[in-house]
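The chains referred to below are lettered A, B, ... by the order of the sequence lines, with proteins before strands, and numbering in each begins at 1.
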Amino acid sequence: MASITEPLPGTSDIWEPETLDWITLENAARNVFHRYGYGEIRTPIFERTDVFVKSLGDETDVVQKEMYTFQDRGGRSLTLRPEGTAGVIRAIANAGLEQGEEKRVFYFGPMFRGERPAAGRRRQFHQVGVETVGSNNPWMDVEVIAMLCQFLDSIGITGSHVVVNTRGLPEDRARVTSALKEYFAPKVGEMCEDCRRRFDTNVWRMLDCKNEPCTTFAAGSPKIVDLLGEESRTFFEKVCQGLREVGVEYEFAPRLVRGLDYYIHTVFEVTHSGLGAQDALAGGGRYRIQFAGSKTPIEGIGFAAGMERLLLARQSLGITAPDVRDADIMVLGLGESAVLPALQLAQTLRGEFAGLRVKADFTGRSMKAQMRGANKARAQVALILGENELAQGTVVCKMMETSEQETIAINELNGFLATKLNAR
RNA sequence: GUGCUUGUAGCUCAGUUGGUUAGAGCGCCUGGUUGUGGCCCAGGAGGUCGCCGGUUCAAGUCCGGUCAUGCACCCCA
């Protein structure tokens, strides 16, 4: 039996040095996205199940076998969000989007998918994503992809690889599907079990099957882009042209499909070699989503990057979590009478030195033990408060690095510390 | 959902062909005289050997199941 204290499979507890790394990523994302005029949005982490089923598509793997779905007390079917776009679009639809109005938002947060955990794959994972809604302009796709690259750059991730393809418009789909079926029909008997099933359920997926006989057949298949109508091809050409002119290095991946039904036109992924088998760092595309009751579908383009995977990529590049002290200043209270004054001193120091971590030792244990504590916390300075100091209105300041110590009058302490701890 | 892997102190691990009180390193606590850390020294705390069942005179060691870890597949972030 699993211990109740163990986190559930595919979930984990994240502790201090790592949480700082997460904050670094979040702040970098805010910084970059703000500069592109995006605002942060926070939507619920659970939604009506239909929000996902109707947008991702009820035949997709995510919907069919990966969602955490449950009934609430009123008997409604709810789902822990498996991705971010559907909820954001739901929120925008609910707020109302005026004709011609654009919205640009970004978000971070936990997502949930009931899969077997592996390297870079968790059941609760975290994404940072953006959505640009209300623009059907290919230059928007270009800017979004460029922004993603700039974000990756800003967090030190080099060596990533951008792949781009198009799925065309919904009205192109029937033609693509029948062309693919025509191509695969004589070969499907020799292909893998999954592909034989996909031939009927989802031919497009046969293009990116990784099993051996299938890859060679897929490689010889017609390219999606060549099967599309004029409008779709022009759109994609503009996206590619824009990427080149903006200086985004990318690879045209004619058989990139991606798993969600809401995608139209541009789809893209960013991969990185430092991740293991799941090498996608981020993915996205243009989409069209319509919820029941809306007159017109909402069109947008966005992407999501996996935070855990960004962290893995950074690790593979040697970027590690920042090294922090548990305390910059440790206040030692010697003896029962000094414990409360130590607490009070710590309080005033926190007000004075906003950027520093100040801890007080309330145990009243031996000075040796408290000094060990200060050392373990890697404090820059230990402030010693005992009966003598209380009587004299002073405090002993011991610089841990050099072992030098001085007795300072309490009213000169702030100035003393300010010069000694070149941080504020 | 499938396959493989691993599961012994807080951490990293050792534990011989099943055999008496389960070990190491690191970490932790206390001390090395009066109010001082890091090094050193001495003591100490800490383990139902993941869990359940089976085989056996005897199981951390063998068998089965189960839970969990890691990785891979499917698919995705």
Between [X] ([atom1]) and [N] ([atom2]), how many Å, whole number?
{"X": "A:His161", "N": "B:rA77", "atom1": "NE2", "atom2": "P", "result": "17 Å"}
{"X": "A:Leu275", "N": "B:rC71", "atom1": "CG", "atom2": "P", "result": "12 Å"}
{"X": "A:Lys65", "N": "B:rC73", "atom1": "NZ", "atom2": "P", "result": "13 Å"}
{"X": "A:Leu310", "N": "B:rA77", "atom1": "CG", "atom2": "P", "result": "13 Å"}
{"X": "A:Glu115", "N": "B:rU69", "atom1": "CD", "atom2": "C1'", "result": "18 Å"}
{"X": "A:Arg365", "N": "B:rG31", "atom1": "CZ", "atom2": "P", "result": "10 Å"}
{"X": "A:Arg378", "N": "B:rG27", "atom1": "CZ", "atom2": "C1'", "result": "16 Å"}
{"X": "A:Asp361", "N": "B:rC29", "atom1": "CG", "atom2": "P", "result": "11 Å"}

Do A:Tyr287 and A:His265 make the cut of ring centroids closer than 6.0 angstrom? no
Quick check, are the ring centers of A:Phe33 and A:Phe151 under 6.0 angstrom apart? yes
For [Y], is there an ion pair with [X] - N to carboxylate O distance below 4.0 angstrom?
{"X": "A:Arg42", "Y": "A:Glu40", "value": "yes"}
{"X": "A:Asp328", "Y": "A:Arg325", "value": "yes"}
{"X": "A:Arg90", "Y": "A:Glu47", "value": "yes"}

For [N] versus [M], give the span between their [atom1] atoms, rounded off to a whole number of Å.
{"N": "B:rU20", "M": "B:rG27", "atom1": "C1'", "value": "31 Å"}
{"N": "B:rG18", "M": "B:rA9", "atom1": "P", "value": "23 Å"}
{"N": "B:rC63", "M": "B:rG46", "atom1": "C1'", "value": "32 Å"}
{"N": "B:rG70", "M": "B:rU8", "atom1": "P", "value": "14 Å"}
{"N": "B:rU16", "M": "B:rA24", "atom1": "C1'", "value": "16 Å"}
{"N": "B:rU69", "M": "B:rG50", "atom1": "C1'", "value": "11 Å"}
{"N": "B:rG38", "M": "B:rU34", "atom1": "P", "value": "15 Å"}
{"N": "B:rG23", "M": "B:rC41", "atom1": "P", "value": "22 Å"}

Both conditions, 6.0 Å and 45 degrees, for the charged tip of A:Lys187 above the ring of A:Tyr183: are they met here? yes
Kindly confirm or rule out a cation-pi arrangement of A:Lys54 over A:Phe291, judged by NZ or CZ under 6.0 Å from the six-membered ring centre and within 45° of its axis? no
What are the two closest heavy atoms between A:Val128 and A:Met307, and how far apart are they? CG1-SD, 3.8 Å
Give every pair of a protein N or O atom and an N or O atom of nucleotides 34-44 of chain B that lie under 3.5 Å apart, one pair per line with the distance.
residue: B:rG35; atom: O6; partner: A:Asn388; partner atom: N; Å: 3.3
residue: B:rG35; atom: O6; partner: A:Asn388; partner atom: OD1; Å: 3.2
residue: B:rG35; atom: O6; partner: A:Asn388; partner atom: ND2; Å: 2.1
residue: B:rG35; atom: O6; partner: A:Glu389; partner atom: OE1; Å: 3.4
residue: B:rG35; atom: N1; partner: A:Glu389; partner atom: OE1; Å: 2.9
residue: B:rG35; atom: N1; partner: A:Glu389; partner atom: OE2; Å: 2.8
residue: B:rG35; atom: N2; partner: A:Glu389; partner atom: OE2; Å: 3.2
residue: B:rU36; atom: O2; partner: A:Lys398; partner atom: NZ; Å: 3.0
residue: B:rU36; atom: O2; partner: A:Gln405; partner atom: OE1; Å: 3.3
residue: B:rU36; atom: N3; partner: A:Gln405; partner atom: OE1; Å: 2.6
residue: B:rU36; atom: N3; partner: A:Gln405; partner atom: NE2; Å: 3.2
residue: B:rU36; atom: O4; partner: A:Gln405; partner atom: NE2; Å: 2.5
residue: B:rG37; atom: O2'; partner: A:Asn375; partner atom: ND2; Å: 3.4
residue: B:rG37; atom: N7; partner: A:Lys398; partner atom: NZ; Å: 3.0
residue: B:rG37; atom: O6; partner: A:Met400; partner atom: O; Å: 3.1
residue: B:rG37; atom: O6; partner: A:Ser403; partner atom: OG; Å: 2.0
residue: B:rG37; atom: N1; partner: A:Met400; partner atom: O; Å: 2.3
residue: B:rG37; atom: N2; partner: A:Asn375; partner atom: OD1; Å: 2.8
residue: B:rG37; atom: N2; partner: A:Met400; partner atom: O; Å: 3.3
residue: B:rG37; atom: N3; partner: A:Asn375; partner atom: OD1; Å: 3.1
residue: B:rG38; atom: O4'; partner: A:Asn375; partner atom: ND2; Å: 3.1
residue: B:rG38; atom: O6; partner: A:Ser403; partner atom: OG; Å: 2.6
residue: B:rG38; atom: N1; partner: A:Ser403; partner atom: OG; Å: 3.4

According to a strict under-4.0 Å criterion, is A:Arg258 in side-chain N/O contact with OP1 or OP2 of B:rA77? yes
Around atom CZ of A:Arg378, are there more than 12 heavy atoms from other residues, nucleotides or ligands closer than 6.0 Å? yes
Counting Watson-Crick and G-U wobble pairs whose two distances are both under 3.5 Å, find the runs of 3 or more in a row that involve RNA chain B. B:1-4 with B:70-73, B:10-13 with B:23-26, B:28-32 with B:40-44, B:50-54 with B:62-66
Sorted by chain and number, sequence neighbours left out, side-chain contact (heavy atoms from CB on, under 4.5 Å) with A:Ser366 holds for A:Lys368, A:Ala369
Got a sec, which residues hit side chain to side chain donor-acceptor pair (under 3.5 Å) with A:Asp172, two or more places apart in sequence or on another chain? A:Arg175, A:Ser232
Just to be sure I understand the rule, does [X] reach a base, reach only the sugar-phosphate, or reach nothing, if contact means heavy atoms closer than 4.0 Å?
{"X": "A:Arg205", "answer": "sugar-phosphate"}
{"X": "A:Ala374", "answer": "nothing"}
{"X": "A:Pro82", "answer": "nothing"}
{"X": "A:Glu269", "answer": "nothing"}
{"X": "A:Gly120", "answer": "base"}

Give the C-alpha distance, both sets of side-chain angles, the deciding distance and a yes or no for side-chain contact (heavy atoms from CB on, under 4.5 Å) between A:Thr85 and A:Leu260. CA-CA 11 Å; A:Thr85 302; A:Leu260 309 178; over 6 Å; no
Check nucleotides 45-48 of chain B for protein N or O atoms closer than 3.5 Å to its own N or O atoms and list the pairs.
none

When you match A:Ala369 and A:Gly114 each to their closest nucleotide on RNA chain B, which lands nearer the 5' end? A:Gly114
Under 3.5 Å, side-chain donor or acceptor atoms of residues 332-344 of chain A against the rest of the protein: list the pairs with distances, not counting sequence neighbours.
none

Of the nucleotides B:rA77, B:rU69, B:rA72, which one has an atom closest to the side chain of A:Tyr263? B:rA77
